[in-house]
Trainee: 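Input: one structure, supplied below.
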Amino acid sequence: MLDKAIEVLEKLEENGFTAYIVGGFVRDYLIKRETTDIDICTNATPKDIVSIFNVKLLPENNYGSVVVIYKKIRFDITTYRKEIKYEDNRRPVKIKYINNLKKDLCRRDFTINTLCINSKKEVLDILNVRKDLDNKLIKTVGNPRYRIKEDSLRILRAIRFATILDFEIDKKTLIYLKKYGHLLKTLSYNRKKEELNKIFLNKNSQKGIDLLIKLNLYNHLDIPKLKDLKPCNNIIGIWSQLEVDDLYPFTKLEKEQMVKIRKLLNLDILNPYNIYKYGLYLSTIVAEIKNIDKKELNKVRNKLPILTSKDLAIKPIMISKIINKPPGSYLKEIFNDVEKQVVLGNIENNYLAIEKYIIENYSQTYP
């Protein structure tokens, strides 16, 4: 991947421009962490980039960034720029293309994201910040008071980087993350959710959760139940516990799953009928949250006599014949009861055993 990125740099240089790999890829490359995203900065304008790489899909914004697919690899190529004005503590609404790499780096969020690689594969530390990476420190480029205030998303990005890289946050930066935490309310719930998902799903998620609580950011994020969160490997399991279905964006299916998970959390997860009713997927999520061995869950599930109602040795229409009554809404009640009794092992899953149960329990109820 690095070799292909170098080819992109060389192609830009062949056309008379300067270009460097910058940001997260360089950071991860130096700490030997796998990454797939490669950002490139250049003094070529978007129009130049589109022409050089014959880009068919033009950029949708005016931020000077063009997506280039080169030899099946995606590269985000951005023109050196200076952000002059921000809107809503988030979006730069006025930018100016420049021909100065150092000034472009100075507009970036954190020092660990300003290191560059040139076409000779040399690492450039133009802002003299390599020590922050070596010391595993998250620190804003310039004064955190202004850098965080101009873009409130940087609050969550700082927490995310500290979490996934297991770095510490610079003391001064930490102060302003807390001071301007209220600006998180200006972010869309969709954008907040994207960052929180990356924090919650990381193996080091507890560190990020602790930071969100320590800095009182959970209140500004409208997730007051964060203090009671029990981390798990499934993002729906996490959001189920936070109970913010009406605020954060979720699909209809996700909302239905979260409602079921919350119900299941209050039930005996090792009860055969609960596993049958809610399914292995949701049961496994709940088992992890409740710190129940999944092997025990699977043992119970593997002993289930049926896995779906289709496996039942009787159909609803057969029930009406057994009790000699025309079909009606009562069939559902009896069928559901039979299904539960079979799952719990109280009735064998064969027609004669089920017929006997129905006659004994319902022939007088529905004469």
Side-chain angles (χ1 to χ4, degrees), residues 1-84 92 94-134 136 138-142 151 157 160-161 164-165 167 198:
M1 182 177 287
L2 176 59
D3 291 336
K4 298 295 185 298
I6 295 300
E7 290 179 21
V8 172
L9 299 186
E10 291 174 339
K11 196 170 182 67
L12 285 163
E13 291 176 346
E14 287 169 4
N15 283 271
F17 302 103
T18 60
Y20 303 88
I21 303 170
V22 68
F25 180 86
V26 183
R27 176 198 69 219
D28 292 344
Y29 173 76
L30 292 173
I31 61 177
K32 295 179 172 54
R33 179 175 180 270
E34 287 190 19
T35 188
T36 55
D37 295 331
I38 298 185
D39 294 327
I40 290 172
C41 62
T42 176
N43 62 344
T45 66
K47 185 177 180 181
D48 296 324
I49 298 168
V50 167
S51 175
I52 293 170
F53 294 96
N54 193 27
V55 175
K56 303 299 182 185
L57 186 62
L58 299 179
E60 297 179 355
N61 56 51
N62 297 316
Y63 299 159
S65 185
V66 179
V67 174
V68 171
I69 306 299
Y70 178 79
K71 294 187 176 180
K72 298 182 179 180
I73 298 177
R74 173 189 169 121
F75 297 94
D76 285 303
I77 305 180
T78 306
T79 304
Y80 302 153
R81 72 176 192 249
K82 182 177 181 180
E83 292 160 350
I84 300 173
K94 188 175 182 181
I95 67 170
K96 179 182 179 181
Y97 296 146
I98 57 177
N99 190 22
N100 187 303
L101 173 61
K102 184 175 181 178
K103 287 184 178 180
D104 179 79
L105 296 176
C106 285
R107 72 172 175 82
R108 296 175 183 269
D109 52 8
F110 305 106
T111 58
I112 58 172
N113 295 331
T114 64
L115 298 165
C116 304
I117 294 177
N118 64 18
S119 58
K120 296 179 182 179
K121 292 188 179 180
E122 297 171 331
V123 176
L124 306 181
D125 182 12
I126 295 173
L127 300 185
N128 191 29
V129 294
R130 176 66 185 270
K131 60 183 181 297
D132 291 338
L133 185 65
D134 295 337
K136 299 183 177 181
I138 308 296
K139 185 178 181 181
T140 59
V141 178
D151 185 352
R157 281 173 61 83
R160 170 161 65 90
F161 290 136
I164 65 176
L165 301 175
F167 282 16
K198 294 172 184 176

Trainee: So which of D134, N128, D132 actually passes side chain to side chain donor-acceptor pair (under 3.5 Å) with R130?
Mentor: D134

Trainee: Can you find a pair of side-chain heavy atoms, one from N113 and one from R108, that are under 4.5 Å apart?
Mentor: no

Trainee: Is any side-chain heavy atom of L127 less than 4.5 Å from a side-chain heavy atom of K102?
Mentor: yes

Trainee: Calculate, to the nearest 0.5 Å, the distance between atoms CG and CZ belonging to D151 and R107 respectively.
Mentor: 11.0 Å

Trainee: Check the angle between the aromatic planes of Y80 and Y20 and answer parallel, tilted or perpendicular using the 30° and 60° thresholds.
Mentor: parallel

Trainee: Could you give the distance from CD1 (I52) to CD (E14), rounded to the nearest 0.5 Å?
Mentor: 9.5 Å

Trainee: Would you mind reporting whether I21 and L2 have side-chain heavy atoms less than 4.5 Å apart?
Mentor: yes

Trainee: Measure the shortest side-chain to side-chain distance between T79 and I49 over non-hydrogen atoms and say whether it is less than 4.5 angstrom.
Mentor: yes

Trainee: So among K139, R160, R157, which one has a salt bridge (Lys or Arg N to Asp or Glu O under 4.0 Å) with D109?
Mentor: R157

Trainee: With side chains defined as the heavy atoms from C-beta onward, is the minimum distance between L12 and I40 less than 4.5 Å?
Mentor: yes

Trainee: Between the main-chain N or O of V67 and the side-chain N or O of D76, is there a donor-acceptor pair closer than 3.5 Å?
Mentor: no

Trainee: Considering only heavy atoms from C-beta outward, does the side chain of T35 approach that of R27 to under 4.5 Å?
Mentor: no

Trainee: Which heavy atom of E7 sits nearest to which heavy atom of Y70, and what is that distance?
Mentor: OE1-OH, 2.7 Å

Trainee: Locate the shortest heavy-atom distance separating T111 from V141; write the atom from each residue and the value.
Mentor: N-CG2, 3.6 Å

Trainee: Are there more than 12 heavy atoms of other residues, nucleotides or ligands under 6.0 Å from atom CD of E122?
Mentor: yes

Trainee: If you define the side chain from C-beta out and look only at heavy atoms, does anything of K121 sit under 4.5 Å from D3?
Mentor: yes

Trainee: Treating D104 as the side-chain partner and N100 as the backbone partner, does any N or O pair qualify as donor plus acceptor under 3.5 Å?
Mentor: no

Trainee: Is there a side-chain contact between L30 and L115, using heavy atoms and a 4.5 Å cut-off?
Mentor: yes

Trainee: Just checking, any donor-acceptor pair under 3.5 angstrom between side chains of D48 and S51?
Mentor: no

